[in-house]
Amino acid sequence: MLCGAVAVLTLSSVPCPAEWRPAVMLAALDCADEANQQVCAEFGITGFPTLKFFRAFSKKAEDGIRIAHPAATVADLRRAIITNLEQSGDAWPPACPPLEPASAEEVRSFFHRNTERYLALIFEKSNSFVGREVALDLLQYENVAVRRVLSTEEELVEKFGVTTFPSAYLLLRNGSFFRLPVHAEARSFYTYYLRTLSGVTRGSYRLNVTSSAINETRALQPVQAADSSKLYVADLESTVHYTLRVEAGRPAVLAGAQLAALKCYVATLAKYFPGRPSVQTFLQSLDSWLRNWTEPELPRSALKEAVKNKEDATPAAVLPTNITWVGCRGSEPHFRGYPCGLWTIFHLLTVQAAQGGPDQELPLEVLSTMRCYVKHFFGCQECAQHFEAMAAKSMDQVKSRDEAVLWLWSHHNEVNARLAGGDTEDPQFPKLQWPPPDMCPQCHREEQGVHVWDEVAVLSFLKEHFSPGNLRLDHAVPIPMAREEAVVSARLGTAGLREKEEEKERKEEEEGEKETEKPDRESETGRPGSSELRRPSIVRRNPRLQALGEDIVDLDSFSEQHFKSKALRAAGRHRRLSKRDTIALHHDAGWERLRVPESREEEEDGGLRRSPWLRVLGLGFSRLDVSLCIALYFLSSMCLLGMYTFFRLRTRARKARPGFPVA
Ligand SMILES: Cc1cc2nc3c(=O)[nH]c(=O)nc-3n(C[C@H](O)[C@H](O)[C@H](O)COP(=O)(O)OP(=O)(O)OC[C@H]3O[C@@H](n4cnc5c(N)ncnc54)[C@H](O)[C@@H]3O)c2cc1C
């Protein structure tokens, strides 16, 4: 015997999968499947779709009330469930919130009688279902209650100054209230807003779903909260590291389809992953190493060697070896992390492939890579099986790269819906249909009470969100410079090269200034396959090192060669500082953090580390200038001294000479 109502639905579309539990349990039965023949007969199902509603505490199959006609829409089905719930009488499901309209008295005394932090009032006409649907949507959430108020409840309408129906107001315990600032006056917008209020969490109604060991990674957790509208390099690199060095390294030997899956995965990363230069080099050299591996079997020891960092190579090939979750950080170590990173990587890759990369005629390139990777390596077997089932069902219908981006998005949302409220859901990060309305208002529409996605808007949102321009470097590990690069860089700082360098520097700066005038996105990242994409182009690179293809901050930029004259130095310095500002503005704080220590060192090692007296006297002069001044001063003093001595001796000699005899 169940104490929630049960709706048995004989079609595959589900109006409220798990969100209205435990007030309403929904069971879907496929009566076209022979295996269900007997149970469908017991329930008296003669055609479908059929919806039968069982009040709470029902005991027999015959207790079911047929509630919908074959042409019913999903919204009709939801409303039919609500209407039948309201007729439950004494069989009212204990977990169901009140659905009747609230009175002025109830609202007045609400906070005296309840412990909730918020009360949401949905003002609506009597035939509207929005208030009741939102109340059921919030059923599993703590600290917030939802009541509908009818437009005829004059006292409340007047008190809150309501002029639009529906519209929603939020009351706080301190007596203050405000209208919900939503993009559209509709169920999905109210529900999302209320679920994401501070202090509102999914509570004790969490579904008891078998947990799977999907998150084996334990990461160093950064403290600060991440910006959910950004992607983090630390998440991406941690995920790629985990896939290549942990998951792919599990089998003693890779062969056949598993080896092909690894080759395919690395080739896709090398082609589309918008990594830092050294990470790019790492992926490309691993890709060519795998391509050259023609043996049928690849032993773990060989792979282990191949995925090691080559810091001393020129250019360096480095993929950081630590795991740090930033955007994918869970509120507890067993939440989120690696599976979140894996979704993110593949969304990013589908978008990069759709953004004009090579092989446009292969729409399934990235999706098939993901399918193979998940099938052969993803540690969560249960997840892999679910994903394979989804892929087998519809992946081959994808006809373009844009469709591939949307396929992954919609199937990820399918997984989100299935897992919402389950044990694997982080209470701080409820599994919502993504992107939520505050991230992309134009992605959402309501048509006749049913939420619909605007796929054109979704596609352009995904292309923006999963773009290299949206990457942030917070908490990403600084990648050390290769020894040879450092040596070359240091050598370039010596005085012998200064004059030539100065000329080049000037040209570079002129170019650099033109560069900074370009729009942010372009200057940060560029297009897939272009060099800008792989390099933080804002960081000026020494032309000598550019030839070596290395990503080095130009350590010479602050050397004393720029101090020939005060004016020149001031202008030069201004230009450099503005570039650094551009790093902070255009790039991100993380990159700036990575670069700032180098810059300080740079300042100390270069011309700025001058003795205090030189700093006072030689504001506009180099050491050479000052030395020449001293030398000239010394020479002129010596000259004066010489002249003085000469005249003095001559005078004395005259005085000492015997006089002519006076006649
Ligand atoms: C292929 C695959 C199959 C899985 N199957 C299961 C399973 O069967 N059972 C299970 O318990 N766990 C499964 N997982 C894990 C589960 O989906 C989550 O990854 C995990 O619970 C962590 O959730 P999260 O809150 O970090 O968000 P995730 O769902 O991991 O999402 C990561 C990030 O992607 C963004 N995002 C969310 N939805 C979308 C979307 N629709 N389109 C684009 N971006 C989006 C958000 O920014 C989000 O923070 C699977 C993971 C993968 C990679």
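Keep in mind that what you see is a predicted model, and the values were worked out from it rather than measured. Both counts, for ligands and for their atoms, begin at 1 and track the order of listing.
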Phe378 near ligand 1 by a heavy-atom separation under 4.0 Å
yes
Between Gln433, His347, Arg336, which one has a non-hydrogen atom sitting closest to atom 48 (C) of ligand 1?
Arg336
For His465 and ligand 1, answer yes if some heavy atom of the residue is under 4.0 Å from a ligand atom, otherwise no.
no
Give the atom numbers and elements of ligand 1 that come within less than 4.0 Å of a heavy atom of Val415.
17 (O)
Of Leu432, Ile345, Leu419, the one whose closest heavy atom lies nearest atom 12 (N) of ligand 1 is Leu419
Check: Thr424 main-chain N/O paired with Lys431 side-chain donor or acceptor under 3.5 Å:
no
Cation-pi check, Arg78 onto Phe129 ring (under 6.0 Å, within 45° of axis)
no
So, Thr191 side chain and Ser188 main chain: donor-acceptor pair closer than 3.5 Å or not?
no
Relative to the heavy atoms of His386, which atoms of ligand 1 are at a distance of less than 4.0 Å?
7 (C), 8 (O)
Proximal atoms of ligand 1 relative to Phe387 (non-hydrogen, under 4.0 Å)
1 (C)
Apply disulfide bond (SG atoms under 2.5 Å apart) to residues Cys340 and Cys328 and explain how you reach the verdict.
CA-CA 6 Å; Cys340 165; Cys328 283; 2.1 Å; yes
Check: of Trp409, Trp343, Phe335, min heavy-atom distance to atom 41 (N) of ligand 1 comes from Trp409
Quick check on His411 - does any of its heavy atoms sit under 4.0 Å from an atom of ligand 1?
no
Tell me if the NZ atom of Lys375 is crowded by more than 12 foreign heavy atoms within 6.0 Å.
no
Using a 3.5 Å distance criterion without hydrogens, assess whether the side chain of His183 forms a donor-acceptor pair with backbone atoms of Cys440.
no
Closest to atom 31 (O) of ligand 1 (judged by heavy-atom distance), picking from Gln381, Arg371, His412:
His412
Is Thr344 in polar range of ligand 1, meaning some N or O pair under 3.5 Å apart?
no
Please indicate whether any nitrogen or oxygen in Ser228 is less than 3.5 Å from any nitrogen or oxygen in ligand 1.
no
Donor-acceptor pair, side chain of Gln258 and main chain of His376, under 3.5 angstrom:
yes
Residue portion contacting ligand 1 (non-hydrogen atoms closer than 4.0 Å) for Arg418
side chain
Looking only at heavy atoms, is any part of Asp426 under 4.0 Å from ligand 1, and if so is it the side chain, the backbone, or both, or is it neither?
neither
Looking only at the aromatic ring of each residue, does the gap between the centers of His347 and His412 stay below 6.0 angstrom?
yes
What about the rings of Trp343 and Trp434, do their centers lie closer together than 6.0 Å?
no
Quick one: does Arg202's side chain have a donor or acceptor within less than 3.5 Å of a partner on Gly422's backbone?
no
I'd like to check which ligand 1 atoms, numbered from 1 as shown, lie under 4.0 Å from a non-hydrogen atom of Pro339.
15 (C), 19 (O), 53 (C)
Identify which of Trp325, Phe346, Trp434, Phe429 has a heavy atom lying nearest to atom 47 (O) of ligand 1.
Trp434
